[in-house]
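Structure first, then comments.
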Amino acid sequence: MGVANLVKETQRFRKYGLSKEYIVIRNVDEWIYCFNNHNGEVSSWDRIEKSHLIKGDDLEKYILNELMEAKEEW
């Protein structure tokens with residue numbers, strides 16, 4: 001059985017300084033989207049400045065918003 005891509009991506013970016021409370025949920029080249037396992041926030045992580053920009057306070061809302069945007073673009 002293989003390892004989920006999000007596990008591989010999370011392990012990869014932890015080597016670059018991603019804190020342990022974050023799980024990578026999406027890698028879009030320059031933007032790394034993360035789920036905060038402590039407070040449920042979704043953020044984009046800047047691996048150069050090692051900072052997070054909050055994108056949402058709830059994973060479910062974030063996913064629904066992403067699906068709605070994809071539907072509109074389709």
Side-chain angles (χ1 to χ4, degrees):
M1 180 184 236
V3 177
N5 195 40
L6 66 93
V7 172
K8 290 178 185 177
E9 290 294 288
T10 299
Q11 290 172 337
R12 176 177 159 215
F13 287 107
R14 283 190 179 153
K15 292 177 185 175
Y16 297 113
L18 182 66
S19 300
K20 291 195 180 229
E21 69 265 19
Y22 293 99
I23 298 168
V24 175
I25 57 174
R26 187 173 176 203
N27 179 355
V28 188
D29 297 324
E30 73 237 31
W31 303 107
I32 309 303
Y33 291 90
C34 305
F35 170 72
N36 185 317
N37 200 34
H38 291 258
N39 64 17
E41 291 178 337
V42 175
S43 63
S44 63
W45 183 60
D46 182 329
R47 52 189 154 171
I48 295 169
E49 296 198 22
K50 309 291 190 249
S51 63
H52 290 267
L53 176 62
I54 304 302
K55 295 293 188 179
D57 59 356
D58 180 284
L59 181 61
E60 182 179 355
K61 288 179 190 175
Y62 171 79
I63 291 171
L64 288 173
N65 189 37
E66 288 292 306
L67 290 171
M68 293 302 290
E69 286 182 18
K71 180 182 173 185
E72 289 173 9
E73 290 178 11
W74 190 55

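Counting from 1, the numbers follow the sequence of the chain as shown.
- When hydrophobic residues (I, L, V, M, F, W, Y) are linked wherever their side-chain heavy atoms come within less than 4.5 Å, I54 remains an isolated member.
- N27 contributes atom CG, which lies 10.0 Å from atom OG1 of T10 (distance to the nearest 0.5 angstrom).
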Atom pairs and distances, donor-acceptor, side-chain atoms in residues 63-74, under 3.5 Å, two or more places apart:
from : atom 1 : to  : atom 2 : distance (Å)
N65  : ND2    : E69 : OE2    : 3.4
E66  : OE1    : R26 : NH1    : 2.6

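- The hydrophobic clustering, which links ILVMFWY residues whose side-chain heavy atoms are closer than 4.5 Å, places F13 and V7 apart.
- Among residue pairs with one or both ends in residues 52-61, those qualifying as side-chain hydrogen bond (donor to acceptor under 3.5 Å, both in side chains) are S43-H52; sequence neighbours excluded.
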>> Does L6 form a side chain to side chain contact (heavy atoms under 4.5 Å, CB included) with V24? I'd like the steps, not just the answer.
In response: CA-CA 6 Å; L6 66 93; V24 175; 5.7 Å; no
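- Here R12 pairs with E9 under the side chain to side chain donor-acceptor pair (under 3.5 Å) rule; sequence neighbours left out.
- Interatomic distance, OH of Y62 versus CZ of F35, reported as 12.5 Å (0.5 Å rounding).
- The CD1 atom of I23 lies 9.5 Å from the CG atom of L18; values are rounded to the nearest 0.5 Å.
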Could you tabulate the donor-acceptor pairs under 3.5 Å formed by side-chain atoms of residues 44-51, not counting sequence neighbours?
from : atom 1 : to  : atom 2 : distance (Å)
D46  : OD1    : I48 : N      : 2.8
D46  : OD1    : E49 : N      : 3.0
R47  : NH2    : D29 : O      : 2.8
K50  : NZ     : Y16 : O      : 2.8
K50  : NZ     : R47 : O      : 2.5

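- Tracing side-chain contacts under 4.5 Å through hydrophobic residues (I, L, V, M, F, W, Y), one reaches L59 starting from Y33; they form part of the same cluster.
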